[in-house]
2 protein chains.
Amino acid sequence: MHTSIATVSLSGTLTEKLAAAARAGFGGVEIFENDLLACPLAPEEIRARCADLGLSIDLYQPMRDIEGVPDDVFARNLRRARHKFELMNRLGADTVLVCSSVSPDAVDDDARAAGQLARLADLAQESGVRVAYEALAWGRHVNTYEHAWRIVEAAGHPALGVCLDSFHILSRGCDPKGIEDIPGEKIFFLQLADAPLLAMDVLQWSRHYRCFPGQGGFDLAGLLRHVLAAGYEGPLSLEVFNDVFRQADAGPTAVDAHRSLLLLREAAGAAELPPPVVPTGVAFAELLTPDAEPVTALLAALGFTRAARHRGKPVDLWQRGEARVLVSTAAGARRDGTRLAAIGLESPDPAAAARRAEALLAPVLPRRRAPGDAPLEAVAAPDGTELFFCATGRPGLPDWRADFADLTDTPAGPATRTRIDHLALTQPWHHFDEAALFHRSVLGLTAHESVDLADPYGLMRSRAVTTADGSVRIALGVGAAPTDDTVHAAHIALATDDVVAAARAFRAAGGRLLPVPANYHDDLAARYDLPEAELDAYRDLGILYDRDPGGAFRHCYTETVGRVFFELVQRDPGYQGYGAANAPVRLAAQHAGRR
Amino acid sequence: MHTSIATVSLSGTLTEKLAAAARAGFGGVEIFENDLLACPLAPEEIRARCADLGLSIDLYQPMRDIEGVPDDVFARNLRRARHKFELMNRLGADTVLVCSSVSPDAVDDDARAAGQLARLADLAQESGVRVAYEALAWGRHVNTYEHAWRIVEAAGHPALGVCLDSFHILSRGCDPKGIEDIPGEKIFFLQLADAPLLAMDVLQWSRHYRCFPGQGGFDLAGLLRHVLAAGYEGPLSLEVFNDVFRQADAGPTAVDAHRSLLLLREAAGAAELPPPVVPTGVAFAELLTPDAEPVTALLAALGFTRAARHRGKPVDLWQRGEARVLVSTAAGARRDGTRLAAIGLESPDPAAAARRAEALLAPVLPRRRAPGDAPLEAVAAPDGTELFFCATGRPGLPDWRADFADLTDTPAGPATRTRIDHLALTQPWHHFDEAALFHRSVLGLTAHESVDLADPYGLMRSRAVTTADGSVRIALGVGAAPTDDTVHAAHIALATDDVVAAARAFRAAGGRLLPVPANYHDDLAARYDLPEAELDAYRDLGILYDRDPGGAFRHCYTETVGRVFFELVQRDPGYQGYGAANAPVRLAAQHAGRR
């Protein structure tokens with residue numbers, strides 16, 4: 001099926017948008033009029049540019065306030081249309097979008113609207129183009145697709161059809177089932193946009209908050225099924241007005257957009273993608289650092305031991321129980337300082353997991369980083385984090401540890417119960433919604449509600465993506481402003497059976513815990529009836545406490561090295577969260593530590 | 001009257017917030033619980049810090065989900081309250097805010113709620129504190145101030161009163177007149193917040209979009225009059241949850257906040273401020289530049305002549321007709337490059353204008369920049385632009401031109417009709433609403449609707465502030481992202497009677513006009529029935545065209561020097577706008593020119 005995107009959905013100049021759309025794999029574009037007006041290229045040059053890029057121009061849009069008007073106004077409108085049809089011929093665009101009128105001149109008279117649209121279609125036909133009439137959700141008299149179709153049907157003109165736009169239909173709560181009553185060949189165009197379910201003015205909602213399919217709350221797959229059932233065979237085209245996308249680099253936005261359409265087709269049963277392979281655990285986290293010393297000191301204090309060294313690269317494997325951390329001093333570390341660069345996910349079928357990621361436009365990383373390395377399936381997440389699909393000690397699958405020499409068993413005992421509870425990653429500000437959709441659709445994780453976290457210098461947001469059993473938990477975080485992605489660090493949370501013991505051991509080994517103000521623990525005493533000794537230990541160690549209907553969560557933080565810190569957590573089995581209620585205190589303490 | 005601000009309204013740590021509030025002139029604060037919990041200072045130390053700063057702690061807030069609950073839950077709530085009352089004693093806060101319950105445990109039983117609040121008030125009284133009960137707009141059972149008052153009245157306890165919050169009252173469309181039925185001494189506290197009139201979920205609206213009085217759409221002066229009529233004598237306190245203020249420097253935000261309260265009191269007839277002195281024209285615009293050559297070449301091409309030179313400083317006066325531009329190469333220019341640094345406003349009473357500005361917390365600039373200079377009343381606007389209140393050739397008032405030597409008359413003739421049509425200033429992203437309030441309240445200008453302008457790389461906003469007759473027009477602009485204030489330049493728009501002639505003369509004199517794509521003019525031809533010759537001239541010169549019910553607007557732009565460019569405009573007398581419809585084309589062309 002042909003995919004398309006309206007140029008208004010992407011940031012930049014028209015030529016930047018076209019290049020980004022083509023690179024992301026779209027087959028065509030809708031040319032948004034203002035993008036054309038601001039472009040120094042002549043229409044013929046734009047046409048040639050699109051052809052070079054392999055893009056068809058599927059729609060020219062929009063024409064507004066055409067129909068249902070007094071005759072003298074309509075005469076002026078026809079004059080305007082004649083100019084636009086000539087332009088479309090120069091551009092090589094054969095379909096124009098006409099939005100239902102919002103003009104105060106428009107009268108509530110379907111026969112007049114139909115008659116005028118038929119005359120417009122006559123003119124279009126003479127120019128070899130056709131008219132797709134769309135009901136805006138806030139159209140003055142015509143604001144439902146059923147009404148637009150009644151008018152198109154009454155006009156009965158071969159060059160006149162409807163354009164369906166999922167936002168205009170679903171934002172009004174209209175039932176899309178009636179789409180099946182429209183003959184497929186009279187649906188000239190389909191525009192797709194999702195949106196978060198906000199209770200707000202529909203015009204503002206439409207102009208600022210639309211998003212790509214799967215990133216909002218609409219049932220777009222359901223709508224698409226009805227459109228396909230009607231016999232529609234035209235492009236699936238995205239038209240998304242979004243303040244964030246307007247600012248973001250067009251390249252990644254276009255990839256995000258195209259991925260969302262691939263997923264929508266899958267959800268509607270209209271496309272076959274390799275099925276998701278849900279990971280079953282975290283094999284390792286990899287830290288990239290220009291200077292291993294501070295990181296390894298921290299790991300040692302956390303009870304990790306150096307278990308192995310990579311045969312060909314400056315990468316050490318540190319291990320405690322089931323928690324494994326790779327420390328790499330490879331090239332590239334110097335630029336960004338110490339950071340969480342890669343995650344190994346235990347995968348039941350690494351190759352299949354990589355196939356799905358590749359089909360969903362994730363950049364595939366070289367399978368072998370050096371000659372002689374064991375093959376590793378890996379892709380890049382939208383934030384640049386490398387995701388390795390791996391097997392640890394599973395017969396019949398290559399073990400990623402085969403590249404490491406001197407693998408020793410770590411000491412037995414209670415310490416070995418340590419595992420990675422969750423990983424927290426800071427996302428690029430303009431791509432937070434993309435990140436959630438990526439982890440959900442590519443990795444088969446479940447995305448949970450987004451929560452606000454009050455940092456002293458602005459509201460952050462955080463959204464968890466997890467497996468059903470919690471074996472993989474990733475918290476995607478984003479700062480308050482586009483520039484914040486360098487401020488907030490990523491972290492690795494280690495699950496322990498006894499956070500008090502773990503924190504004491506860490507401190508005894510020379511580790512530094514994040515200090516927490518006494519006022520916080522006074523408040524804990526007010527809110528919860530905790531034993532005095534327990535509270536004293538929490539005060540002493542800077543342990544935070546939260547509770548939900550499923551149980552309690554106790555957690556504390558290490559100092560930060562570069563852009564990474566660790567968290568020690570003790571999670572009751574039924575507790576679902578990540579201690580979000582404590583985030584303001586933790587974030588303030590981390591700011592204070594940076595002074 | 002005592003003014004106060006909730007610490008949640010400001011960005012930063014608790015101590016940063018306290019310092020900013022004190023510097024801005026607040027008499028007290030509400031301590032927001034999360035700010036205290038995250039603060040490493042003990043409550044006694046916070047109390048001492050506030051005392052040092054001259055701040056009273058007027059409220060501790062909030063306590064939630066206290067009342068109308070089963071007995072066992074209430075017993076736990078009392079235990080929590082006891083802790084908080086002890087904390088308040090340490091802090092020296094005598095009033096606590098209790099928000100109406102949102103808990104699913106709460107039952108719809110006023111008698112139970114009143115009884116439990118009375119018991120809470122007993123406990124409060126024992127601790128020497130009192131309870132202010134507030135109806136949240138989304139309270140589970142209690143969500144109007146009338147209902148909260150009925151419960152407080154039924155409880156009949158001296159340590160229990162109501163807290164009124166303008167947002168919770170006005171967001172629900174409640175009539176504030178009934179406030180006068182509450183005895184003034186039972187109104188324990190008044191929280192004030194404005195908000196833009198958004199049709200959206202009230203909880204989201206409250207938590208993210210509140211703003212300072214005068215920056216939104218609520219009639220806060222009307223509400224305040226009712227509260228004062230009831231006999232309330234407590235603090236006027238701001239409680240504003242706003243995503244932007246959370247990120248902005250606390251210092252300027254606190255000044256903005258305090259100014260808004262001063263204005264609110266004036267609007268409610270509760271305070272005397274020096275009255276506004278509305279300017280009657282633009283005396284000059286001053287450009288600060290490290291290198292006068294490119295700027296003066298541009299001015300010369302625009303038909304300006306160097307009319308005078310300052311006696312003591314490197315400042316030249318350039319003039320064309322009534323348009324005057326000062327070009328300064330004084331210190332400070334090197335850092336920021338060429339920029340619009342100051343505006344001279346014709347003022348009927350410069351000293352009185354400065355008195356109002358000073359009373360409204362505008363920093364007053366030295367009256368004489370050098371010994372021997374004529375005295376000049378000047379203040380700094382929130383964006384740092386220096387505003388001079390001046391008189392040009394008016395008997396009995398010092399003329400700012402007295403400091404300039406060799407003042408010559410400029411040539412007579414049609415060119416002398418030139419004047420400054422408007423000035424466009426780029427505002428710091430976090431202080432856009434402040435800027436509009438400042439210009440409206442300090443200068444007595446009228447603020448018009450904010451409009452979105454689609455820059456290729458994000459949505460900008462622009463809001464005009466003007467005198468009624470258009471003699472002063474300032475367009476306040478803001479970029480799409482906090483970092484954009486260095487991207488967008490300021491500009492000076494020169495009014496001409498014939499923009500085609502002015503543009504031709506400029507080009508003939510060697511000036512470079514901003515090129516406009518042919519596609520734009522093709523569209524003009526489609527939309528308007530303009531004479532071919534006129535359209536040809538527009539194409540040739542890059543002239544843009546707009547029309548509103550009052551008339552037409554023709555405009556074109558010069559190249560940009562540093563962070564300043566000029567616009568030539570021909571405005572029909574009835575046209576009200578600034579060519580916003582053409583902004584996307586202009587902005588795209590300016591981006592293209594920077595490549």
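A note on names: the letters A, B, ... follow the listed sequences, proteins ahead of strands, and every chain is numbered from 1. Source: prediction; values computed, not measured.
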**Prompt:** When you look at A/Tyr457 and B/Thr13, which way does the side-chain contact (heavy atoms from CB on, under 4.5 Å) test go after all the steps?
**Reply:** CA-CA 8 Å; A/Tyr457 301 100; B/Thr13 63; 3.8 Å; yes

**Item:** From B/Asn77 atom CG to A/Arg527 atom CZ, the distance as rounded to the nearest 0.5 Å
**Value:** 12.5 Å

**Fill in**
Assert top hit (heavy-atom pairs under 4.5 Å, partner chain A, pool B/Ala199, B/Ala592, B/Gly458) equals B/Ala199

**Message:** With chain A as the partner, which of B/Asp201, B/Asp523, B/Leu10, B/Val585 has the greatest number of non-hydrogen pairs under 4.5 Å?
**Reply:** B/Asp523

**Message:** With a 4.5 angstrom heavy-atom cut-off, is it the side chain or the backbone of A/Ala525 that approaches chain B, or both, or neither?
**Reply:** both

**Request:** Answer with side chain, backbone, both or neither: which region of A/His208 has an atom nearer than 4.5 Å to a non-hydrogen atom of chain B?
**Result:** side chain

**Proximity breakdown for A/Pro515 and chain B, heavy-atom pairs closer than 4.5 Å** = neither

**Message:** Out of B/Ser11, B/Ala518, B/Gly12, B/Ala81, return the one with the most heavy atom pairs under 4.5 angstrom to chain A.
**Reply:** B/Gly12

**Asked** Given a strict heavy-atom distance threshold of 4.5 Å, which part of B/Glu86 is in contact with chain A: side chain, backbone, both, or neither?
**Response** neither

**Complete:** Greatest number of non-hydrogen atom pairs under 4.5 angstrom with chain B, of A/Arg79, A/Arg80, A/Met200, falls to A/Arg79

**Contact class of A/Asn34 relative to chain B, heavy atoms under 4.5 angstrom** = side chain

**Request:** Identify which part of A/Ala38 has an atom lying under 4.5 Å from any heavy atom of chain B, answering side chain, backbone, both or neither.
**Result:** both

**Request:** Please check if atom CG in A/Asp546 has more than 12 non-hydrogen atoms from other residues, nucleotides or ligands closer than 6.0 Å.
**Result:** yes

**Part of B/Leu41 lying under 4.5 Å from any heavy atom of chain A** = backbone

**Exceeds 12 heavy-atom contacts within 6.0 angstrom, atom CZ of B/Arg547** = yes

**Item:** Segment of B/Lys84 engaging chain A (4.5 angstrom heavy-atom cut-off)
**Value:** side chain

**Message:** Just checking B/Asn89: does its CG atom have more than 12 heavy atoms from other residues, nucleotides or ligands closer to it than 6.0 angstrom?
**Reply:** yes

**Item:** Closest approach of B/Ala481 to A/Gln247 (non-hydrogen atoms, all atoms of both residues)
**Value:** CB-OE1, 3.6 Å

**Fill in**
In this structure, OH of A/Tyr520 is separated from CG of B/Leu36 (nearest 0.5 Å) by 13.5 Å

**Message:** Run the ring pair (Phe, Tyr, Trp, His ring centres under 6.0 Å) test against A/His555 and tell me which residues pass, sequence neighbours left out.
**Reply:** A/Phe553, A/Tyr557

**Interface moiety of A/Ile46 toward chain B, non-hydrogen atoms closer than 4.5 Å** = side chain

**Message:** Can you tell me which of B/Val8, B/Asn519, B/Val202 forms the most heavy-atom pairs within a distance under 4.5 Å of chain A?
**Reply:** B/Asn519

**Request:** Select one option (side chain, backbone, both, neither) describing which atoms of A/Leu459 are under 4.5 Å from chain B's heavy atoms.
**Result:** both

**Prompt:** Under a 4.0 Å N-O cut-off, is there an ion pair linking A/Asp452 with B/Arg207?
**Reply:** no

**A/Phe245, part contacting chain B, at a heavy-atom distance under 4.5 Å** = neither

**Complete:** Bottom line for A/Gln204: the part with an atom under 4.5 Å from chain B's heavy atoms is neither

**B/Arg90 bridged to A/Asp522 by N-O distance under 4.0 Å** = yes

